[in-house]
Amino acid sequence: REPLSEARRADAVLFTHWNEARATACEAWLRNLTWRKPVFHAEFRPSGVFWKTRFSEGGHSPEIFAFCALARSGQFFEMLQGMRFRLSGQKAFRDHHRYTQNDADELFEAAQAVGTRVLLTTQKDWVKVRRLLWRGCDVGYLRLGVRIVEKEFWAFALERLGIGAPETGMKAETEDP
């Protein structure tokens with residue numbers, strides 16, 4: 001989350017939300033700095049949807065209303081569509097939003113207005129909204145996992161932390177955790 005201008009101070013760069021186009025542009029910028037340190041890439045992958053409240057009869061409707069408070073909310077909504085969820089509506093709050101009961105009531109009303117009672121959010125946001133009253137909605141969250149593309153990352157990270165030094169007898173894992 002640091003600006004690229006701070007890259008000179010780093011031991012390595014780990015690009016998150018990796019995709020070919022963005023990585024290519026950033027890596028070209030680093031080469032202009034005569035960058036000689038390791039570059040790694042990470043991608044977020046859905047690892048499951050967890051329904052925390054379930055009130056509806058006969059399971060969930062195929063239409064959901066999604067909401068989140070992320071810096072890049074659009075990526076969350078796009079990920080849901082890529083998972084073949086049909087979004088009947090969506091609401092993006094500013095990053096680090098503090099949810100209130102009024103927000104939950106407004107989300108319920110917005111979902112109901114587009115014909116669903118199923119709301120889906122991020123795991124980060126679920127932690128903030130789980131104690132709110134949801135007036136008969138099914139509310140769930142999407143859990144994400146992180147995959148580091150280059151297996152060499154783990155050996156590098158352990159070495160930099162002083163954990164993977166030969167005298168400790170510890171060995172860096174090269175498989176995805």
Side-chain angles (χ1 to χ4, degrees), residues 1-4 6 10 12-19 22-23 26 40-150 153-154 156-158 160-161 163 173 175-177:
R1 294 176 55 151
E2 295 294 326
L4 282 173
E6 295 297 317
V13 171
L14 174 65
F15 288 111
T16 58
H17 300 285
W18 178 69
N19 69 47
R22 189 177 311 148
C26 292
F40 301 104
H41 306 88
E43 57 188 8
F44 291 90
R45 292 180 168 178
S47 63
V49 175
F50 298 85
W51 297 103
K52 302 309 284 183
T53 60
R54 186 169 251 160
F55 296 102
S56 64
E57 302 282 329
H60 295 290
S61 84
E63 301 272 336
I64 64 165
F65 189 96
F67 69 96
C68 65
L70 301 171
R72 294 179 184 95
S73 298
Q75 290 179 346
F76 173 65
F77 302 132
E78 287 170 16
M79 183 178 291
L80 293 176
Q81 290 171 329
M83 296 173 67
R84 302 192 188 277
F85 280 102
R86 292 195 328 230
L87 300 183
S88 59
Q90 61 192 45
K91 168 79 173 164
F93 294 89
R94 64 175 168 64
D95 198 14
H96 305 291
H97 179 69
R98 290 184 178 205
Y99 290 94
T100 65
Q101 184 61 51
N102 189 53
D103 293 326
D105 293 343
E106 288 177 7
L107 286 166
F108 169 78
E109 290 167 10
Q112 199 169 35
V114 294
T116 188
R117 297 172 71 103
V118 181
L119 290 105
L120 189 61
T121 191
T122 66
Q123 187 173 9
K124 170 190 165 189
D125 289 304
W126 173 252
V127 170
K128 298 175 183 180
V129 302
R130 67 181 177 207
R131 298 210 190 317
L132 301 177
L133 300 175
W134 288 98
R135 296 181 17 192
C137 286
D138 294 337
V139 183
Y141 67 86
L142 176 67
R143 180 180 289 167
L144 296 179
V146 178
R147 184 181 81 84
I148 308 294
V149 175
E150 298 84 7
F153 171 80
W154 301 106
F156 173 81
L158 290 174
R160 295 298 300 151
L161 292 170
I163 296 172
E173 292 288 328
E175 296 298 313
D176 290 345

A.B. asks: Within the structure provided, determine whether Phe50 and Leu142 are in side-chain contact (heavy-atom separation under 4.5 Å).
C.D. replies: no
A.B. asks: Assess whether side-chain contact (heavy atoms from CB on, under 4.5 Å) is satisfied between Lys91 and Leu107, documenting all intermediate values.
C.D. replies: CA-CA 8 Å; Lys91 168 79 173 164; Leu107 286 166; 3.9 Å; yes
A.B. asks: Between Asp125 and Tyr99, is a side-chain hydrogen bond (donor to acceptor under 3.5 Å, both in side chains) present by the stated rule, with each step listed?
C.D. replies: CA-CA 9 Å; Asp125 289 304; Tyr99 290 94; 3.2 Å; yes
A.B. asks: Could you check if a side-chain atom of Val129 sits within less than 4.5 angstrom of a side-chain atom of Tyr141, using non-hydrogen atoms only?
C.D. replies: no
A.B. asks: What do the steps show when you test Glu109 against Arg135 for side-chain contact (heavy atoms from CB on, under 4.5 Å), and what is the final call?
C.D. replies: CA-CA 10 Å; Glu109 290 167 10; Arg135 296 181 17 192; 3.7 Å; yes
A.B. asks: Has the side chain of Thr121 got a donor or acceptor atom that lies under 3.5 Å from a matching backbone atom of Phe67?
C.D. replies: yes
A.B. asks: Identify whether NZ of Lys or CZ of Arg in Arg117 sits under 6.0 Å from the centre of the six-membered ring of Phe108 and within 45° of that ring's axis.
C.D. replies: no
A.B. asks: Answer whether the closest heavy-atom distance between the side chains of Phe85 and Val49 falls below 4.5 Å.
C.D. replies: yes
A.B. asks: With heavy-atom distances below 4.5 Å as the criterion, would you say the side chains of Met79 and Pro46 are in contact?
C.D. replies: yes
A.B. asks: Salt bridge check: are Asp95 and Lys124 linked by an N-O gap of less than 4.0 Å?
C.D. replies: yes
A.B. asks: Verify side-chain contact (heavy atoms from CB on, under 4.5 Å) between Phe153 and Leu158, making sure each step is shown before the conclusion.
C.D. replies: CA-CA 9 Å; Phe153 171 80; Leu158 290 174; over 6 Å; no
A.B. asks: Return the CG to SG distance between Asp105 and Cys137, rounded to the nearest 0.5 Å.
C.D. replies: 9.5 Å
A.B. asks: How about His41 and Ile148: do any of their side-chain heavy atoms sit closer than 4.5 Å?
C.D. replies: no
A.B. asks: Working to the nearest 0.5 angstrom, can you tell me the gap between Gln90 CD and Phe77 CZ?
C.D. replies: 4.5 Å
A.B. asks: Given salt bridge (Lys or Arg N to Asp or Glu O under 4.0 Å), test Glu78 with Arg72 step by step and report yes or no.
C.D. replies: CA-CA 10 Å; Glu78 287 170 16; Arg72 294 179 184 95; over 6 Å; no
A.B. asks: Any non-hydrogen side-chain atom of Leu119 less than 4.5 Å from a side-chain atom of Ile64?
C.D. replies: no
A.B. asks: Has Gln81 got a side-chain atom pairing as donor or acceptor with Arg86's backbone, closer than 3.5 angstrom?
C.D. replies: no
A.B. asks: If I compare all heavy atoms of Ala66 with all of Leu80, which pair ends up nearest, and what's the gap?
C.D. replies: CB-CD1, 3.5 Å
A.B. asks: For a 4.5 angstrom cut-off between non-hydrogen side-chain atoms, does Phe65 reach Leu87?
C.D. replies: no
A.B. asks: Identify the two heavy atoms, one from Gly89 and one from Val114, that lie closest to each other, and give their separation to 0.1 Å.
C.D. replies: N-CG2, 4.4 Å
A.B. asks: For Thr122 and Cys68, indicate whether the former's side chain and the latter's backbone hold a donor-acceptor pair under 3.5 Å.
C.D. replies: no
A.B. asks: What is the minimum heavy-atom distance between Leu144 and Gln123, and which atoms define it?
C.D. replies: N-OE1, 4.5 Å
A.B. asks: Any side-chain heavy atom of Leu70 sitting closer than 4.5 Å to one from Gln75?
C.D. replies: no
